[in-house]
Protein chains: 4
Amino acid sequence: MKKNKQQLKKQIQKRSAIIDAAIKTFSLKGFHQTKISEIAKHAEVADGTVYLYFKNKDELLMVAFDEIINEKLNIIKSKIDTDTTSLRKLLHFFKLHVKLFTEEPHLARFLSIELRQSSEFYQKYPEFKPLEKYTNFLEKLCQDTIQEGNIKPFDTKALAIIFYGTMDFLLLEWATGNQNFSLSKMEKKIVDILTNGLRIYSS
Amino acid sequence: MKKNKQQLKKQIQKRSAIIDAAIKTFSLKGFHQTKISEIAKHAEVADGTVYLYFKNKDELLMVAFDEIINEKLNIIKSKIDTDTTSLRKLLHFFKLHVKLFTEEPHLARFLSIELRQSSEFYQKYPEFKPLEKYTNFLEKLCQDTIQEGNIKPFDTKALAIIFYGTMDFLLLEWATGNQNFSLSKMEKKIVDILTNGLRIYSS
Amino acid sequence: MKKNKQQLKKQIQKRSAIIDAAIKTFSLKGFHQTKISEIAKHAEVADGTVYLYFKNKDELLMVAFDEIINEKLNIIKSKIDTDTTSLRKLLHFFKLHVKLFTEEPHLARFLSIELRQSSEFYQKYPEFKPLEKYTNFLEKLCQDTIQEGNIKPFDTKALAIIFYGTMDFLLLEWATGNQNFSLSKMEKKIVDILTNGLRIYSS
Amino acid sequence: MKKNKQQLKKQIQKRSAIIDAAIKTFSLKGFHQTKISEIAKHAEVADGTVYLYFKNKDELLMVAFDEIINEKLNIIKSKIDTDTTSLRKLLHFFKLHVKLFTEEPHLARFLSIELRQSSEFYQKYPEFKPLEKYTNFLEKLCQDTIQEGNIKPFDTKALAIIFYGTMDFLLLEWATGNQNFSLSKMEKKIVDILTNGLRIYSS
DNA sequence: GATGAATGAGGTTTCATTCAT
DNA sequence: TATGAATGAAACCTCATTCAT
């Protein structure tokens with residue numbers, strides 16, 4: 001039925017609007033400082049409507065994370081697709097990660113600060129593994145790079161932790177303004193260290 | 001006066017008890033889920049007493065961070081003091097960091113999760129730079145190691161970010177149980193990667 | 001729309017119920033001793049509902065004053081409307097004021113005691129002039145009476161102060177039970193004094 | 001014993017210092033906004049010491065009122081002592097009342113605002129009749145004036161209510177800045193009205 | 001008597017969530 | 001399905017008062 005299709009479309013748009021509003025507001029003000037009514041207002045729906053699409057505020061946060069991570073990961077995937085080696089893909093990933101999140105500073109805060117929810121959050125939602133896809137992809141890239149013989153056969157999980165941990169802390173330092181450094185220069189230096197350390201022909 | 005001395009001692013003990021209770025409770029339940037009354041109960045003082053020692057809940061959290069960071073940094077400093085080279089000190093630092101925080105799992109959670117508690121904090125307290133001392137010391141170690149000729153003359157700030165970011169994310173992965181790995185093995189692998197990447201005579 | 005009309009009506013009733021409950025409770029226990037939860041219970045709404053209609057407790061008190069003053073002033077206005085001279089209106093006003101507030105003793109307390117509750121209010125809300133309308137009307141009556149040639153051309157502001165001050169203190173003495181007098185007799189005596197003046201050789 | 005005398009003197013001074021501090025602070029900030037610790041600090045005693053001299057904050061307020069009223073009444077009494085007729089004393093009383101309280105504006109607030117404690121206060125302390133002495137003296141003056149044949153034989157209680165009510169409301173209007181009038185002019189006008197009476201054809 | 005550290009009861013207000021319309 | 005008015009639980013912090021020293 002056409003009617004149903006249109007309705008369905010409308011609903012999907014509404015859901016999407018809510019998520020967008022949630023991401024923007026969470027990023028800007030932090031999870032606890034964000035009121036559902038604010039999100040509803042930005043999404044141009046009633047407060048109660050939010051609860052037709054999401055069980056509660058926690059779920060909305062988790063979905064918001066998921067959307068962001070998926071969106072950015074897909075952008076990254078498509079952009080590194082044309083790189084000729086996995087090593088290049090890996091380094092390109094690093095650069096893109098920094099670029100994508102610092103282009104929208106509130107997303108940098110979102111990722112480096114808000115993502116780390118309270119201990120109770122992890123206990124309450126054991127299935128909450130927001131970075132899993134992201135770090136898995138990173139690990140996969142490391143595996144490929146090793147197979148292609150461009151980095152030494154290190155443990156790929158360890159490599160992924162080093163990579164993600166470094167990117168994440170770099171963004172935190174930048175987002176909180178703790179350090180007064182040029183982000184692009186710092187990024188190059190870090191890539192330099194990681195590659196020169198990791199390359200098979202590093203000598 | 002003896003009286004004053006005894007009172008002072010009592011007060012120091014009380015303050016300490018409150019901080020300990022705060023750290024434990026914050027770690028367990030998260031900052032926003034922790035009630036002052038819980039902390040007070042654990043510290044065996046009245047609710048109001050907490051406010052004789054700390055201006056408010058925020059300050060209590062910040063002081064708790066500071067105490068933990070200082071305490072652990074001092075332990076680390078004293079333990080690596082006998083290491084003969086800065087490179088050894090650096091790697092020892094890494095191991096001790098992981099050890100000290102995973103020996104007390106709530107501290108691992110405290111550091112890797114609660115420390116990032118929400119942008120609200122960084123916005124409200126721009127002077128809140130809990131890790132400054134820690135990463136500064138790390139950077140100093142890197143400088144020394146470079147001067148001693150044991151790692152290539154990389155940018156020391158970049159090195160510190162890689163080191164701390166990696167340690168931090170490793171603890172997070174461990175604390176949230178996202179990954180099912182042996183912490184000690186993972187740690188060795190990471191150290192392996194970082195050292196083989198960094199050494200001057202890495203070939 | 002019918003629906004909206006009904007809802008609006010309901011809301012007006014709810015607002016009114018809250019104000020009534022507030023006046024009664026404030027009068028009975030005093031502003032600082034009155035808990036919002038008590039008011040809510042008396043008004044048969046939830047605590048939070050009070051805050052849908054009033055910004056906070058302070059505003060509720062001020063609105064309550066305003067409502068009472070307006071209500072009583074309107075009653076008085078309509079009742080003195082048929083009096084043939086302004087002098088009669090003026091004296092009638094005096095009697096009605098005493099009557100209206102002593103018929104509902106909690107209102108007498110509200111006006112003579114709670115209204116003066118603490119400088120904090122006057123300092124915090126300089127625009128809080130609860131009696132302005134009331135004394136202005138009183139002053140206007142005095143002007144008219146003078147123009148009609150029934151009292152000497154005294155300063156009207158001074159007259160208003162005498163009238164209101166006397167009525168107010170009379171109610172206070174009555175409400176606090178400090179004096180053991182017949183209110184109606186006292187009222188007559190006061191009116192007698194005010195109209196006839198003090199001096200023996202006034203003729 | 002000399003010792004005891006000195007100690008007693010010290011204690012009286014301490015009690016007096018506390019009352020003075022209380023009056024100043026209550027006047028300035030209002031009863032509810034005043035903390036016992038502030039009073040103690042101003043009186044240069046420990047918080048607990050206040051409770052050696054006064055049962056609680058309420059009692060301290062009541063004593064403070066009493067002291068002020070007594071002090072001012074005594075000043076007035078001594079100043080009007082040389083007036084040759086009771087009528088002159090009465091009018092002089094009015095002027096002195098206004099003068100004494102407006103010379104120290106915080107006292108004007110204290111008397112016209114803070115004196116009217118909450119309804120519960122009057123219920124809790126039925127013996128709290130702060131103005132009794134004052135209005136009794138006023139009434140006595142009226143009696144004398146009547147006996148001396150200088151005002152008509154009106155009811156003296158009614159006269160006292162008019163006098164005190166007018167003075168009190170005049171001070172309130174002045175203290176809260178509601179009216180923009182010259183206090184001294186207004187005072188003269190009021191006295192004029194009270195003495196000359198309202199009616200044009202009063203004979 | 002004097003101290004002041006410690007106590008702990010108490011209340012306003014917010015806001016996630018519900019549910020009658 | 002959508003609304004948004006209503007709900008009511010929940011907790012930080014203050015400060016009068018106490019009491020061990």
Side-chain angles (χ1 to χ4, degrees), chain A residues 4 7-8 10-11 14 32-41 44-60, chain B residues 1-4 6-8 10-11 14-15 32-41 44-58 60, chain C residues 1-4 6-8 10-11 14-15 32-41 44-58 60, chain D residues 4 7-8 10-11 14 32-41 44-60:
Chain A
N4 278 348
Q7 277 196 339
L8 193 65
K10 223 179 179 179
Q11 284 176 31
K14 214 162 256 192
H32 289 285
Q33 275 59 48
T34 296
K35 297 176 231 169
I36 288 289
S37 63
E38 277 179 285
I39 294 174
K41 192 189 270 180
E44 292 179 317
V45 298
D47 292 17
T49 306
V50 174
Y51 288 85
L52 297 176
Y53 292 89
F54 303 94
K55 217 176 64 202
N56 53 32
K57 199 182 170 188
D58 285 2
E59 194 191 283
L60 185 49
Chain B
M1 279 159 280
K2 245 191 178 169
K3 252 189 190 171
N4 277 347
Q6 281 188 343
Q7 273 201 341
L8 195 64
K10 223 179 179 179
Q11 285 180 30
K14 212 160 261 193
R15 193 190 131 97
H32 283 102
Q33 279 65 45
T34 295
K35 291 174 258 170
I36 288 289
S37 64
E38 283 178 281
I39 294 173
K41 194 189 269 182
E44 291 179 318
V45 298
D47 291 17
T49 306
V50 173
Y51 290 86
L52 295 177
Y53 291 89
F54 304 95
K55 216 177 62 203
N56 53 32
K57 200 181 167 188
D58 285 4
L60 182 51
Chain C
M1 280 156 280
K2 247 193 177 170
K3 251 189 191 171
N4 277 347
Q6 281 189 340
Q7 274 201 342
L8 195 64
K10 223 180 180 176
Q11 284 179 31
K14 211 160 261 193
R15 192 189 130 97
H32 284 101
Q33 278 66 45
T34 295
K35 289 174 257 170
I36 288 290
S37 63
E38 279 177 283
I39 295 174
K41 195 189 268 179
E44 292 181 315
V45 297
D47 291 16
T49 305
V50 174
Y51 289 86
L52 295 177
Y53 292 88
F54 305 95
K55 218 176 63 202
N56 53 33
K57 200 183 169 188
D58 284 5
L60 182 50
Chain D
N4 278 346
Q7 278 196 339
L8 193 65
K10 226 180 180 178
Q11 284 176 31
K14 214 163 257 193
H32 285 101
Q33 276 59 49
T34 296
K35 297 176 230 167
I36 288 289
S37 63
E38 277 179 284
I39 294 174
K41 193 189 269 180
E44 292 179 317
V45 299
D47 292 15
T49 305
V50 174
Y51 288 85
L52 297 176
Y53 292 89
F54 304 94
K55 217 177 65 201
N56 53 32
K57 199 183 171 187
D58 285 2
E59 193 190 284
L60 185 49

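Keep in mind that this is a model prediction, so the values were computed, not measured. So that the names make sense, note that chain A is the first sequence line, chain B the second, and so on, each numbered from 1.
Atoms CG and CD1, on A:Leu60 and A:Ile36 in that order, are 5.5 Å from each other to the nearest 0.5 Å. Remark: A:His32 NE2 to B:Gln33 CD distance equals 5.5 Å, nearest 0.5 Å. In this structure, OH in A:Tyr51 is found 11.0 Å from CD in A:Glu59, a value given to the nearest 0.5 Å. Atom OG1 of B:Thr49 sits about 11.0 Å away from atom CD of B:Gln11, to the nearest 0.5 Å.
Annotation: side-chain hydrogen bond (donor to acceptor under 3.5 Å, both in side chains) contacts of D:Asn56 (sequence neighbours excluded): none.
Rounded to an integer number of Å, the gap from A:Asp58 CG to E:dT17 C1' is 12 Å. Distance, D:Ile36 CD1 to F:dA16 P: 6 Å, rounded to whole Å. Distance, D:Leu60 CG to F:dT17 C1': 14 Å, rounded to whole Å. A straight line from NE2 of D:His32 to C1' of F:dT14 spans 14 Å, rounded to a whole angstrom. We find that CD1 of B:Ile39 is positioned 11 Å from P of F:dC13, with the value rounded to whole Å. Between C:Tyr51 atom OH and F:dA9 atom C1' the separation is 14 Å, expressed in whole Å. Taking atom CD of residue C:Gln33 and atom P of nucleotide E:dG10, one finds them 13 Å apart after rounding to whole Å.
Taking all atoms of both residues into account, the shortest heavy-atom contact from C:Lys57 to C:Thr34 is NZ-O, 2.8 Å.
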What dot-bracket string describes DNA chain F from 5' to 3', counting Watson-Crick and G-U wobble pairs whose defining distances are under 3.5 Å, with [ ] for crossing pairs and | for pairs to another strand? .||||||||||||||||||||

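Where C:Lys35 and A:Lys57 meet DNA chain E, the nucleotide closest to each residue was compared, and C:Lys35 sits on the side nearer the 5' end.
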Under a 4.0 Å heavy-atom criterion, the protein footprint on nucleotides 1-6 of chain E, written with B, S and -, is SBBBSB

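In this structure, the side chains of C:Leu52 and C:Val45 stay at 4.5 Å or more apart for every pair of heavy atoms.
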